[in-house]
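One structure is given here, and the rest of the page talks about it.
Only this structure's heavy atoms are used, side chains among them; waters, hydrogens and symmetry mates stay out. By convention in this document, chain letters (A, B, ...) are assigned in the order of the sequence lines, proteins followed by strands, and residues within each chain are numbered from 1. Predicted model, so just to flag it, every value in this text is computed and none were measured.
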Amino acid sequence: MIYKVISKEEFSRFVDALIRENCSYGPREVDTDRHGNPVYQFRRVHSADEVAFDYTATHSSAKHLMLPYREELSRFRFSEGDWEQDIEYRVKPRLLVGLRPCDISALNILDDVLLNGKFPSPYYLAQRKNTFIIGMDHLPLPDCFCQSLNHHTVTKGFNLFCSDIGDSYYLSVNSSKALTYLKNFAIGDPTHEDDCRLIERRKLIKQSFQTEVEVTGLPSFLDIEFDSPIWQKWGDKCLNCGTCAMVCPTCYCYDTSERIDTDLEGASRQKQLYSCNLVDFAEVAGGHNFRPGNGDRLKYRYYHHYRGFAENANQQICVGCNRCGRACLADINPKDVINDLRMEKESCMICVSPSPPRT
Amino acid sequence: MHDMRFTIPPQDINKEHFAEEVADFNRKSALMQTDRGYKCRITNIVDLTGQEKLFQLRIVNPEERRLFTFLPGQFLMLEVPGYGQIPISISSSTNNQEFIELCIRRAGRVTSALFQAGEGAMVAIRGPFGSSFPMHEMSGSNVILVAGGLGIAPLRAPLYWINEHRDRYRNVHLLYGTKEPSQMLFTYQFEEWKKVNHIDLHTIVEEPGPQWEGRTGMITELLQDIDIDADNTYAIVCGPPVMFKFVCNRLEREGIPMNRMFVSLERRMHCGMGKCCRCMVGTTFTCVDGPVFDYWSVMNLQEAI
Amino acid sequence: MQHLGFSTNKLKIGSFDFTCCEGCQLQLANKEETLPEFLDLLDIRNFREISSERFDDYDIALVEGSISRSDEVERLQAIRKQAKILIAYGSCACFGGVNSLKNHFPPDECVHEVYGDSPVETLPVRRISDVVKVDFSIPGCPVSKDEVERIVVSIATGAMISLPKYPVCVECKQQLNTCLFDLGEVCLGPITRAGCNAVCTTGKTACLGCRGPAEDINYRSFRELVKEHGLSLDEMEEKLRFYNCFEEFRDDES
Amino acid sequence: MTKVNCSIDVHHLTRVEGHGNIHIDIRNGELVDAKWAVVETPRFFEVMVKTMSPARVPFLTSRICGICSISHSLASIRSLERAMEISPPPAAEKLRLLAMHGETLQSHALHIFFLAVPDFVDTPSVIPLVESHPHIVQAGLRLKAAGNAISELVTGRCTHPVSLVLGGVSKAPDKEKLEALRAQLDAVRADLDTTAEFCSTLQIPSFVRETEFVSLRNGNTYPAIGGDLVSTDGVRRDENDYLAMTNEYKPEFTTTKFTRLSRGSFAAGALARFNNNVDLLRPEAVSVARQFGLEPVNHNPFMNNIAQLVECVHIVHDAIDLIDDLLDDPLNELKTPWKPKEGAATGAVEAPRGILYHHMEVDRHGTVCRGDCIIPTTQNNANIHHDLAALARQAADEGKDDQEIRQLCEMLVRAYDPCISCSVH
Ligand SMILES: Cc1cc2nc3c(=O)[nH]c(=O)nc-3n(C[C@H](O)[C@H](O)[C@H](O)COP(=O)(O)OP(=O)(O)OC[C@H]3O[C@@H](n4cnc5c(N)ncnc54)[C@H](O)[C@@H]3O)c2cc1C
Ligand code: SF4
Ligand code: SF4
Ligand code: SF4
């Protein structure tokens with residue numbers, strides 16, 4: 001990693017040049033909600049003016065740029081008694097500006113899951129390799145809890161990362177491409193003061209978290225609490241609407257389906273992001289549903305996120321952005337569910353002491 | 001206007017070296033091939049019952065045919081272009097390099113399309129995937145195979161294996177139960193299994209018709225018919241989830257340790273590669289960690305059965 | 001489907017409309033880019049709106065609209081007799097649709113209001129499945145041509161057909177829409193069957209539930225959330241009533 | 001030689017929207033009976049709107065008709081906005097006009113190519129034309145697609161609009177998509193030429209019956225949303241005076257109502273709009289009209305098909321200008337906030353088939369307490385009915401056989417492009 005410093009005006013000239021030259025995405029204000037607050041989403045941007053650099057959080061994550069909600073995996077062309085399969089992994093290069101550390105961490109987690117296993121996903125790889133990422137730190141919102149999961153800072157997975165140190169940005173340059181582009185602009189090496197300001201900034205961010213979710217020992221808690229009544233309790237609220245999984249930066253479960261073209265001369269195999277909260281996620285042919293209740297399905301999402309599955313080395317995949325909590329109409333959020341689970345556990349267990357407090 | 005200097009160059013992953021490799025799902029898959037299978041021709045279709053057919057598939061490309069090896073208990077993803085892909089247990093001998101047999105029940109979209117297909121149809125397979133029955137570990141022991149209904153399909157591969165290495169195993173029992181006599185699969189092989197391969201075969205049905213002369217009742221009753229040497233016996237159990245519980249509990253009472261009983265689980269699957277998460281059981285994937293689990297692991301996997 | 005060794009035949013189809021706006025039939029002529037191929041799948045035996053030729057040897061009957069007169073009952077029964085597969089399409093056919101709103105008023109009042117003293121026959125609105133057996137339903141007001149196309153192709157190629165079981169929110173979130181509850185409106189998306197690609201919420205108007213309830217919906221929680229967002233239950237009730245799709249849930253709580 | 005006896009019964013006329021019957025009876029050279037009877041099932045929309053919140057009404061009334069749902073929605077919106085004194089922002093007005101254009105274009109294209117043309121080339125439907133006249137069908141499909149593309153982009157979908165709401169429009173179209181739409185419209189201009197060329201080869205029956213033509217007129221633009229109510233007989237009234245303009249009555253033999261103004265019947269629709277507003281048409285459209293010898297006041301109902309084509313030309317050009325206008329607009333003010341309020345007013349719009357009136361009354365609780373909708377086809381019913389008699393008599397005099405008379409009568413009804421299910425709402 002190479003560190004540089006750039007003034008804010010120069011930075012916006014730099015970003016503007018990149019945005020104009022490429023197919024670019026960034027946080028944009030798209031609406032005003034009923035409380036008068038702006039609503040942001042990662043959308044196409046055509047110049048730096050359109051980017052809301054001081055955005056709070058986007059309603060949905062930027063996941064859809066790497067894992068499109070719907071994606072054609074391959075096409076079949078039918079011919080006389082035979083067929084051919086065409087598979088394309090071509091993605092046009094893109095710029096993604098303004099990603100938060102937790103969102104970059106989320107991509108790193110997706111990398112783990114989708115690129116490191118026995119069967120890496122070429123579709124994801126093509127998207128990931130062709131996305132130039134400029135990250136940005138920010139002060140947490142009152143309900144952010146990424147610090148609890150240690151995702152409030154990030155050291156890989158981006159091309160360039162900017163930390164706000166007053167009238168300039170402290171840049172962590174993580175790719176030669178980024179450095180090459182930057183060379184056309186007035187950048188400097190960080191001075192001792194810049195370093196100090198960066199440390200101050202980091203400290204400030206760390207101290208600004210208002211929400212903490214206790215996740216130590218959570219995997220074994222979850223294992224023990226499989227039959228806990230709290231799943232039923234939260235399940236009763238859950239609408240099975242899949243919103244949480246759609247906005248989450250790390251939910252990646254999917255569904256595939258095939259559709260024959262109207263001219264009957266070919267077919268396409270498509271992938272659609274799914275959610276374990278959707279009613280037929282675990283239904284098999286013949287109608288048997290392995291997770292028939294709302295609570296069973298809700299529990300599953302928590303298992304995947306806070307216990308982790310074997311395939312991703314039993315790691316927690318939640319990054320603590322609380323998008324799911326904010327988006328949930330029934331007001332279900334990780335903090336409350338996990339606290340509930342802990343309370344339940346701690347109130348009934350005398351012999352097992354609660355996990356030691358975090359330091 | 002800005003200068004072209006700021007254009008991000010494309011990275012074409014199609015050009016990367018693994019593009020040319022042939023997929024080998026047993027070892028490490030070649031990246032480019034995760035959505036492409038081996039093309040197969042359906043060379044023969046046998047009507048077994050009104051619900052099930054046995055499909056014989058032959059991989060078209062000789063190189064791929066040579067590469068395709070599997071272990072008893074593994075499954076493959078069968079692609080029927082235009083209709084979808086589904087996980088199906090391989091129901092033929094691991095020794096058979098010429099063709100693959102799949103015993104398929106008509107259930108939904110993909111299977112119905114297959115049931116309309118004729119000989120010569122072109123489909124594709126990906127795989128094999130998943131874990132297998134520990135045939136080597138079982139050698140020198142007695143083996144009890146318990147099948148309920150379509151559960152006989154995944155048991156055919158271990159059966160072939162045992163028959164091909166019959167001297168390695170001691171007493172081999174096959175207990176097979178279905179709801180009605182007409183649903184019994186592979187009856188034409190029963191004599192061969194009994195006479196040639198010395199398999200102790202017992203069958204039972206729940207609802208006997210007028211023709212049925214054999215036993216009537218639940219499959220667990222067949223366990224009373226055989227002598228179980230608990231210290232030296234392995235069991236393989238396949239069938240509907242409710243059956244696992246009854247059979248395995250019975251066998252456990254007989255004294256067979258839980259880690260010597262094996263079951264094959266079934267879940268919805270869309271990838272077979274541990275990505276779509278549809279086949280999660282507890283915190284494990286049926287496709288990668290399963291479908292074959294020992295009963296001890298199943299007991300530890302919440303909501304497995 | 002040559003690669004599977006079986007061939008497909010043109011579907012002998014008839015399209016019939018009852019009490020409705022005929023908007024669903026009109027959809028069949030939309031999506032112009034694939035229209036010629038779509039028509040190629042069909043052998044249209046009876047389709048008054050687009051063709052003068054009328055034959056009674058169709059296998060598949062597409063039935064649009066609801067039933068609100070006795071002669072319609074007879075016509076529908078004759079269609080059922082002929083058709084091997086009867087598909088109800090559109091919310092009017094599947095649920096009664098907006099026409100059912102009239103059922104909330106006394107029949108005399110309806111006739112008097114519009115026709116004065118002239119006698120006009122009208123029955124309470126019924127869905128198609130109240131009168132004859134329906135083999136498959138394609139909901140929507142109007143139906144989505146893409147979905148109809150998918151289903152017709154499936155029938156032609158002998159594939160099983162299904163509708164999404166999950167609610168509209170899934171598709172709505174996939175479009176990156178701002179949730180209408182955040183904008184202060186009651187939206188029926190969380191309890192309505194997806195498949196329309198969340199067209200209404202993408203146009204920033206609330207889903208009125210034209211596709212009927214999704215599978216296994218949590219109506220109680222939905223009602224709670226409307227209350228908790230400080231929104232009007234009357235507005236919710238009016239929306240639930242709109243297409244007559246949520247009758248079974250309406251009296252859950254008072 | 002004069003034909004002596006003729007009896008025609010068309011049960012459920014095909015290639016029209018809705019169910020209608022034609023009945024003609026000529027005995028001993030005398031016309032005994034000529035009837036245009038609508039047998040559609042009534043749905044009672046006017047009852048349904050009662051007790052409904054105004055915001056929901058346009059979504060309900062759009063379901064009166066699957067072809068002109070945008071017009072219905074906008075008629076309700078206009079009447080309710082006038083009743084509750086809401087003024088939509090200018091950008092919203094432009095978008096609404098564009099939406100109307102989209103609907104009219106697709107409706108006219110559907111009528112010309114799918115419903116009317118098969119008669120002229122003597123096929124039962126458009127399907128055989130796919131083989132015999134591929135380039136015409138392709139041109140028709142592209143025109144229809146362009147109309148649908150406008151509606152879809154502006155209102156969210158082509159049938160039953162989603163983003164036309166009280167106070168304005170709920171969502172601005174994406175600018176990139178607007179640009180693409182502009183390009184699409186630019187491209188279909190060639191298809192208009194092809195169509196005009198093709199139509200000039202068609203044999204338009206010569207039949208004239210003098211009648212009165214009613215349409216909107218605002219004096220500035222070719223009519224679409226709101227304006228004065230005018231007729232070729234010189235009547236001019238305020239929008240709220242719609243009842244005096246329509247004078248509905250119900251004959252025995254049909255479920256729909258008939259209307260009249262200065263004479264026994266009058267006509268609405270493309271030809272009426274043309275006859276009253278030719279001065280406001282774009283020059284490109286006027287020149288096409290001239291090509292067909294279409295000039296106001298034209299009394300041949302079959303020329304309605306040509307008037308529709310002329311309007312298509314006007315719309316495509318006007319829509320392109322509107323889009324250019326919208327591309328320059330920031331489109332950030334699209335909706336005026338409003339509160340329900342007591343009041344009553346009429347909203348008149350020019351639906352593809354003619355002038356459409358919605359009259360709504362909101363009570364002091366802010367709910368709709370009365371609604372009235374008068375549909376273009378209702379206004380045309382009486383004219384169709386009288387035309388049928390005249391046409392049958394003329395054809396019989398010319399010695400045409402039953403089959404020919406039947407064909408002509410069907411063509412006549414189709415030329416009006418009736419929307420029957422809509423007329424019995
Ligand atoms: C490891 C394994 C081995 C199997 N072996 C056999 C076998 O040997 N013979 C046999 O007849 N069946 C077997 N099955 C079950 C078989 O996969 C389902 O019957 C089949 O998927 C039904 O597909 P369909 O398209 O006909 O049904 P639909 O219900 O229309 O299914 C649509 C899609 O859902 C998925 N799906 C539905 N049910 C299942 C299911 N039970 N398992 C996985 N995916 C499902 C598939 O992706 C399919 O494309 C096996 C399943 C698993 C997991
Ligand atoms: S907080 Fe919610 S949305 Fe964010 S990563 Fe965790 S589970 Fe996903
Ligand atoms: S707008 Fe409606 S459909 Fe969309 S997320 Fe919100 S509730 Fe669901
Ligand atoms: S969003 Fe709702 S009302 Fe709109 S089409 Fe979809 S289901 Fe129907």
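The closest side-chain heavy-atom distance from A/Asn159 to A/Asn174 is not below 4.5 Å.
At a 4.5 Å heavy-atom cutoff, the contact between B/Ala124 and chain A is made by backbone and side-chain atoms alike. Looking at B/Glu79, the atoms closer than 4.5 Å to chain A (heavy atoms on both sides) all sit in the side chain, from C-beta outward. Both the backbone and the side chain of A/Phe281 come within less than 4.5 Å of a heavy atom in chain B. A/Asp82 touches chain B through backbone and side chain together, each having a heavy atom under 4.5 Å away. If you measure heavy-atom distances from B/Val123 to chain A, the contacts under 4.5 Å come from the backbone alone. Proximity to chain B (any heavy atom under 4.5 Å) is shown, for A/Phe14, by neither the backbone nor the side chain. B/Val110 does not touch chain A: none of its heavy atoms, backbone or side chain, sits under 4.5 Å away. The contact between A/Asn184 and chain B is made entirely by side chain atoms (from C-beta outward), counting heavy-atom distances below 4.5 Å. Neither the backbone nor the side chain of A/Leu273 comes within less than 4.5 Å of any heavy atom of chain B.
Look at B/Glu52 and B/Arg105 and you find a salt bridge, because one of the NZ, NE, NH1 or NH2 atoms lies within 4.0 Å of a carboxylate O, short of that distance. Using a 4.0 Å cut-off between charged nitrogen and carboxylate oxygen, A/Arg269 and A/Glu258 count as a salt-bridge pair. Salt-bridge check for A/Asp255 with A/Lys271: failed, with every basic side-chain N at 4.0 Å or more from each acidic carboxylate O.
The two residues B/Pro240 and B/Gly148 make their nearest non-hydrogen contact at CD-O, 3.8 Å. Among all heavy-atom pairs drawn from A/Glu10 and A/Ala186, the shortest one is OE2-N, 2.9 Å.
With chain B as partner, the option from A/Phe78, A/Trp83, A/Phe132 having the largest number of non-hydrogen pairs under 4.5 angstrom is A/Trp83. Of all the listed residues (A/Thr256, A/Leu264, A/Leu18, A/Ile260), the one sharing the greatest number of non-hydrogen pairs under 4.5 Å with chain B is A/Thr256.
Atom OG1 in A/Thr131 sits 15.5 Å away from atom CZ in A/Phe158 (nearest 0.5 Å).
A cation-pi arrangement is not found for A/Lys63 relative to A/Tyr252, the charged atom failing to lie both closer than 6.0 Å to the ring centre and inside a 45° cone about the ring normal.
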